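Below is one structure, written out as structure tokens, with a few remarks after it.
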Amino acid sequence: MSAHEPPTSPSIPKFRYSAALASGIEAQWQDYWQQHRTFEAPNPAGPLAEPQKVAGRPKLFVVDMFPYPSGAGLHVGHPLGYIGTDVYSRYKRMKGFNVLHALGYDSFGLPAEQHAIATGVHPRTNTDANISNMRRQLRRLGLGHDDRRSVCTTDEDFYKWTQWIFLQIHGSWFDTDARRARPINDLVDEFSSGRRSTPDGRSWSDLSNDERADIIDSHRLVYLSDAPVNWCPGLGTILANEEVTAEGRSDIGNYPVFKRNMRQWTMRITAYADRLIDDLDRLDWPEPIKLMQRNWIGRSEGARVRFATQVGDIEVFTTRPDTLFGATFMVLSPEHPLVESLTTTEQRTLVNQYRAEAAAAGDTARMDDSREKTGVFTGAYATNPVNGAAIPVWIADYVLMGYGTGAIMAVPSGDQRDFDFARRFDLSIVATQMPPDSWFEQHGIEPSVSCAMWPEAFVGEGTYVNSANNEVTLDGPRSMADAKSIINTWLAEHNLGEPTVTYKLRDWLFSRQRYWGEPFPIVYDDDGRAHAVPLSELPVLLPELDDFRPQALDPDDAVTEPIPPLARVEHWRTVTLDLGDGPRSYRREVNVMPQWAGSCWYEVRYLDPTNTTSFVDSEVEKYWMGPSAPGHTGGVDLYVGGVEHAVLHLLYSRFWHKVLYDLGHVSSEEPFHRLFNQGYIQAYAYRDARGQAVPAHEVIEANGSYSWNGEAVTREYGKMGKSLKNIVTPDEMYDEYGADTFRLYEMSMGPLEVSRPWNTRDVIGMQRFLQRFWRNVVDEDTGACKAQDVTCPEELRRHLHKCIAGVDSDMDGLKFNTAISKLIELNNELTQWINAGNATPREIVEPMVQMIAPLCPHFGEELWRRLGHQESITFVPFPVADPALLVSDTIELPVQINGKVRSRLVVSASTGEQEVIDAVMADEKVRTATNGKQIVKTIVVPGRMVNIVIK
RNA sequence: GCCCGAGUGGCGGAAUGGCAGACGCGACGGAUUCAAAAUCCGUUGUUCGAAAGGGCGUGUGGGUUCAAGUCCCACCUCGGGCACCA
């Protein structure tokens, strides 16, 4: 392993740790690992079983978020997380763990398809080229991945199982009593045995086949719905709610998105809303991500309440049933089904006009809350169930049909929107809670239960007023929770309402009108009824296409019906199958699955990538992902990725995993037990006077201002990207410094979870450190190992053990930046010792090499070999600190006077408190400072410091 | 508007409530060199001072404490998420 090309320049010693030397070393060790299959992790069972290697080691499953193989290749920001997980995995191998670390590719998706449309090149060709380039770039980084497990979602034997999971979901329903998914046949049994009654109460045997199928289909966890969807003509496909930005545009491409009705496959993720929220408490995730998921799911607890009208009850959902007595009017969504029958003759013209306007304005316009409130009176009145008051019924577009029941009871005294509406249209406002005096004081008005002077609604805890009828009263001081519970009980007793929970989360639109995705394993019969393709027919392969274009659509064309590319492949679209009643002709589903499908379960396939009989061997899944203790969710031990998938990938994959768990296919309840959000590496970009980006690496800084070609430019900070001309690639770093220096720099820049700016100029610092380290072990001229079995000074030995203890705990906590500085400090001290003419103590450098190995694996392997070891350093145990060397005999105590350090005192570590005080009082500087002052107090923090308080 | 997260030297960043600025970059000075690069040694928060030494310093203003970058309250700025959600 030591025959490297000598560096080209004659003035540089032959064995200096230069970029050229590093590159040679790195290439050789990468080959070594590949030949020796160093990172192939043994499985306990299944096709990759090596049970004897599994035995006696704890396991660790580390996963990076699934990358999309972009055509642009990697820039230095991309590998940050991969390096972090690699360092951690290598560290854990040295701590005795059986580590599974692999990286696959989320290779279906829009960019490859858009590229195919533009160039006519098959997306597979392009995707494969991108993957090989990315594999090449990552191999050069020296990542310890098990390459056998590098799956791609576009592989036929991968998407076979994506389709299989789809059919599992299609073949199940959610039992709301058991709070879990069950096979759909259980539901058929329940209906046919009479344990469960049919929707209209007829017996199961009296129903026609079609009627039965309708009932069953309506219970499936994935179902066809003809409902409003997010239609994005610019992409030629619909999008999930999570893929639409707050501005009503597509997350990808920023095209306009329109609401329209289309028949789509929809995943019943809402059935899992409660478990998706509740189980967050059992996960080791960053709190902000949990919060984002909670907010996205948006559980609100309240009550459904029915208000009687002449044409039937209006049902509302409210989170504040305790304010029912203050409901002075109702507001219905313009699309509410009762509007038609409620509206009086006199109001009809106005109402129709308003409804037309509301329909014309897009969702986005309606959501613009800076607008003034609009609305129209229907002419009808409803009865407030708690006090019998006749209250007017209005329609207004701020009430959305898609949330709750599409109707609200308006309590203007307690809700700001209702308050605004009431003031605008002069509707009455009745207080149900008396705000505290401080509230009135803040608003500069006299306390009054009359709302006439109130400038805004009062939301909060207050004494209840005006809230009683003959049977129930809330009046007086009481908590909101009590009041809600009292009124809910009363409502239930009188059959006027009941406690309910609603969610913001909507079901997941799962169809995409594209080509480059998994085909649905679904066919339709002549009646248009969907059937599952038999498992034996999987995978349903994508047909070849010559032309990948969806029909050309204007991004603003909201009305034209989309025709997916697969609809044009007539020979593929029609298929003859025997689904139990003889061979018949069926038509295939022509939509494809969204990109999220493959990433919903890929981590499971890492476990058993070559299994042809199951998506994963259950024993293998249990070993790598099973719960570690009763009550533990199980799942990946460490999942690292960016925060941008907080409500997309991380919500969808949890949902799929829970379905698989319910059906008994996995033993883990959650896919990712511990989540770590890495920061981003960003970069400066520069623009000239015209606002054009200029090449960032050509910009010169002088005295805090920046220039390019002699022209002043302005600096901005953001993502690396082509358009900003500020990309730095790993390849440039490999050439200039080698992979180990690059890895070390990325890890040293700051905490892994924090975003930070890239600064090529700083990389040199880590290069110098490795050079000094190298020079301490290797003779730069001869390449000979300098380490000798000599005794080293006690102080250096103590420093080593302190370093071991610190690096060990830093690496365990993913704090690589501080681990690196500890190694640099130790190396600096070692350098001084050696520069003073001493030999290199083997006792110091061997543990140092072991400690640097996870960070700079090629460097570590090479030095380990040069130190005379024949085995790879990968599984050499991490050094252990000697506790006896961590405590020192003497300590330096800072002495503070009134909190300011005035002196330092070296004392024996065993000095008692009184002795310390005596020594402090004898100190010259202390005597000067305290001279003539009264000592009020003396604080001694054992082993840490002394503080004297004087007056 | 609501909810998170973050503000520390010229820069990236360290600091279980206990010596603020570890480590690295940059800058400055020195050694080596014909010279440079590389390497090695040293200085480097700011301010007053010739020096010894002192004052001030972690976004701003208050507070708790013997002691606050760290805890509490209010505010400012930046980044992110959600947004007429009943």
Side-chain angles (χ1 to χ4, degrees), chain A residues 9 11-13 16 18 246 286-296 298-300 302 316-320 323 331 333 366-371 373 396-400 402-411 414-418 420-421 502-504 643-644 646-647 677 701 703-704 717 744-745 748-751 753-769 771-772 775 780 815 817-825 827-828 831-832 835 892-904 936-941 943-950:
Chain A
S9 166
S11 60
I12 299 174
R16 169 156 300 168
S18 63
E287 277 308 318
I289 298 286
K290 291 187 181 182
L291 196 66
M292 278 163 74
Q293 290 218 343
R294 285 194 194 102
N295 289 341
W296 189 263
R299 172 157 67 191
S300 39
V316 302
F317 173 75
T318 175
T319 55
R320 292 293 303 275
T323 62
V331 187
S333 161
R366 277 179 64 171
M367 295 286 207
D368 177 7
D369 60 353
S370 59
R371 279 183 333 147
K373 295 259 176 297
D397 60 9
Y398 79 91
V399 177
L400 308 171
Y403 186 77
T405 62
I408 62 162
M409 66 172 204
V411 184
D415 181 286
Q416 191 56 40
R417 284 160 312 159
D418 297 344
D420 294 342
F421 196 83
T502 60
Y503 305 90
K504 276 200 294 188
V643 72
E644 71 272 22
V647 292
N677 285 121
E701 185 197 347
N703 305 322
Y717 179 58
L744 195 62
Y745 172 64
S748 72
M749 294 167 79
E753 66 271 26
V754 175
S755 294
R756 69 304 287 270
W758 176 265
N759 199 351
T760 301
R761 204 174 61 172
D762 290 351
V763 181
I764 190 73
M766 293 305 116
Q767 170 91 323
R768 286 181 189 149
F769 161 54
Q771 277 179 354
R772 280 197 293 268
R775 190 160 42 235
E780 283 194 325
K815 289 155 74 180
N817 54 329
T818 51
I820 292 166
S821 43
K822 289 179 174 97
L823 282 165
I824 293 175
E825 283 179 276
N827 188 59
N828 286 348
T831 305
Q832 290 200 338
N835 285 351
E892 190 190 67
L893 284 185
V895 180
Q896 297 181 342
I897 310 280
N898 284 350
K900 298 217 181 269
V901 178
R902 294 298 179 201
S903 181
R904 284 159 213 285
V936 182
K937 201 169 180 179
T938 307
I939 295 109
V940 178
V941 186
R944 279 228 173 252
M945 62 172 313
V946 179
N947 190 14
I948 299 165
V949 187
I950 58 170

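This structure is a prediction, so every number in the text was calculated from the model and none was measured. Chain identifiers are assigned alphabetically (A, B, ...) following the order of the sequence lines, protein sequences preceding nucleic acid strands; residue numbering begins at 1 within each chain.
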* Which of the following nucleotides, B/C19, B/C82, B/G12, is nearest to the side chain of A/Pro757? -> B/G12
* **Whole-Å P distance, B/G69 and B/C82** => 36 Å
* Let me know the distance between CD of A/Gln416 and C1' of B/C2, rounded to the nearest Å. => 13 Å
* Nucleotide B/C4, atom P - distance to CG of A/Asn295 in whole Å -> 9 Å
* Tell me what A/Asn835 touches on the nucleic acid: a base, only sugar-phosphate, or nothing, going by heavy atoms under 4.0 Å. => sugar-phosphate
* To do: Could you measure between the two P atoms, the one in B/A20 and the one in B/G29, and give it in whole Å?
  => 31 Å
* Structure fact -> Ranking B/A14, B/C19, B/C66 by distance to the side chain of A/Thr818, first place goes to B/A14
* Asked: Does any donor-acceptor pair link the side chain of A/Arg16 with the base of B/U39 at a separation under 3.5 Å?
  -> no
* **Listed nucleotide nearest any side-chain atom of A/Arg417, set B/C3, B/C85, B/G42** => B/C85
* **Residue A/Ile939, side-chain atoms from C-beta onward, closest of B/A86, B/C66, B/A38** => B/C66
* Asked: Roughly how far apart are A/Tyr503 OH and A/Ser300 OG, rounded to 0.5 Å?
  -> 9.0 Å
* Asked: When rounded to the nearest Å, what value does the distance between P atoms of B/U65 and B/C72 take?
  -> 16 Å
* Should B/G42 form a Watson-Crick or G-U wobble pair with both distances under 3.5 Å, which nucleotide is its partner? -> B/C28
* Asked: Hey, is the main chain of A/Ser18 close enough, under 3.5 Å, to the side chain of A/Gln771 for a donor-acceptor pair?
  -> no
* Could you state the CZ-C1' distance from A/Arg294 to B/C82, rounded to the nearest angstrom? -> 15 Å
* Asked: Atom CZ of A/Arg756 to atom C1' of B/A14: distance rounded to whole Å?
  -> 14 Å
* State whether A/Glu287 and A/Lys290 are salt-bridged, where the test is any N-O pair (Lys NZ or Arg NE/NH1/NH2 against Asp/Glu carboxylate O) under 4.0 Å. => yes
* Between A/Met749 and A/Trp758, which heavy-atom pair has the shortest distance, and what is it? -> CE-CA, 4.0 Å
* What's the spacing between A/Lys373 NZ and A/Arg417 CZ if we round to 0.5 Å? -> 7.0 Å
* Which part of the nucleic acid does A/Asn898 contact within heavy-atom distance under 4.0 Å: base, sugar-phosphate only, or nothing? -> nothing
* **Nucleotide nearest A/Thr318 when distance is taken to its side chain, options B/C66, B/G12, B/A86** => B/A86
* To do: Quick one: label A/Met945 by what it contacts on the DNA or RNA (base, sugar-phosphate, nothing), any heavy atom closer than 4.0 Å.
  => base
* Base, sugar-phosphate alone, or nothing: which one does A/Ser748 contact when heavy atoms must sit under 4.0 Å apart? -> nothing
* Could you tell me the separation between the CZ atom of A/Arg294 and the CZ atom of A/Arg299, rounded to the nearest 0.5 Å? => 9.5 Å
* To do: Using Watson-Crick or G-U wobble geometry with both distances below 3.5 Å, tell me the partner of B/G21, or none.
  => none
* Nearest 0.5 Å please: distance from the CG atom of A/Asn947 over to the CG atom of A/Asn898. => 7.0 Å
* Do A/Gln416 and A/Asp420 have side-chain N/O donor and acceptor atoms under 3.5 Å apart? -> yes
* To do: Give A/Ser755 one of three labels, base, sugar-phosphate or nothing, depending on what nucleic acid heavy atoms sit under 4.0 Å from its own.
  => sugar-phosphate
* Structure fact -> When both distances are under 3.5 Å in a Watson-Crick or G-U wobble arrangement, the nucleotide paired with B/G69 is none
* Structure fact -> Per the O4'-C1'-N9-C4 / O4'-C1'-N1-C2 angle with a 90° window around 0, B/G80 comes out anti
* To do: Could you check whether A/Glu753 gets within reach of a base, just the sugar-phosphate, or nothing at all, counting any heavy atom under 4.0 Å?
  => nothing
* Distance-only side-chain donor-acceptor flag, A/Tyr745 / A/Asn759, under 3.5 Å -> no
* Asked: A/Glu287 has an atom CD; how far is it from atom C1' of B/G81, in whole Å?
  -> 15 Å
* To do: Would you classify A/Gln771 as touching base, sugar-phosphate or nothing, given that sugar-phosphate means primed atoms plus P, OP1 and OP2, and contacts are heavy atoms under 4.0 Å?
  => sugar-phosphate
* Report the base-pairing partner of B/U58 (Watson-Crick or G-U wobble, both distances below 3.5 angstrom), or none. => none
* If you look at every strand shown and take non-hydrogen atoms under 4.0 Å, does A/Ser300 touch a base, only sugar-phosphate, or nothing? -> sugar-phosphate
* Nearest-Å distance once atom P is located in both B/G5 and B/G54 -> 41 Å
* Asked: If the C1' atom of B/G12 is compared with that of B/G61, how far apart are they to the nearest Å?
  -> 30 Å
* What is the nucleic acid contact for A/Val941, judged by heavy atoms within less than 4.0 Å: base, sugar-phosphate only, or nothing? -> base
* If you look at every heavy atom in A/Asp418 and A/Asp415, which pair is closest and at what distance? -> N-OD1, 3.0 Å
Polar-atom pairs under 3.5 Å, protein N or O versus N or O of nucleotides 23-30 of chain B: list them with distances, or write none.
unit_1: B/G24; atom_1: OP1; unit_2: A/Asn828; atom_2: ND2; d: 3.2
unit_1: B/C25; atom_1: OP1; unit_2: A/Arg768; atom_2: NH1; d: 2.7
unit_1: B/C25; atom_1: O2'; unit_2: A/Asp762; atom_2: OD1; d: 2.5
unit_1: B/G26; atom_1: OP2; unit_2: A/Arg768; atom_2: NH1; d: 3.3

* Structure fact -> Whole-Å distance, A/Arg902 CZ to B/A67 P, equals 15 Å
* To the nearest Å, how far apart are A/Lys900 NZ and B/A67 C1'? -> 11 Å
* **Separation of the C1' atoms in B/G79 and B/A52, to the nearest angstrom** => 48 Å
* To do: Among the candidates B/A86, B/G42, B/C19, find the nucleotide nearest to the side-chain atoms of A/Tyr403.
  => B/A86
* To do: Please report, rounded to the nearest Å, how far the P atom of B/G21 is from the CG atom of A/Asn817.
  => 18 Å
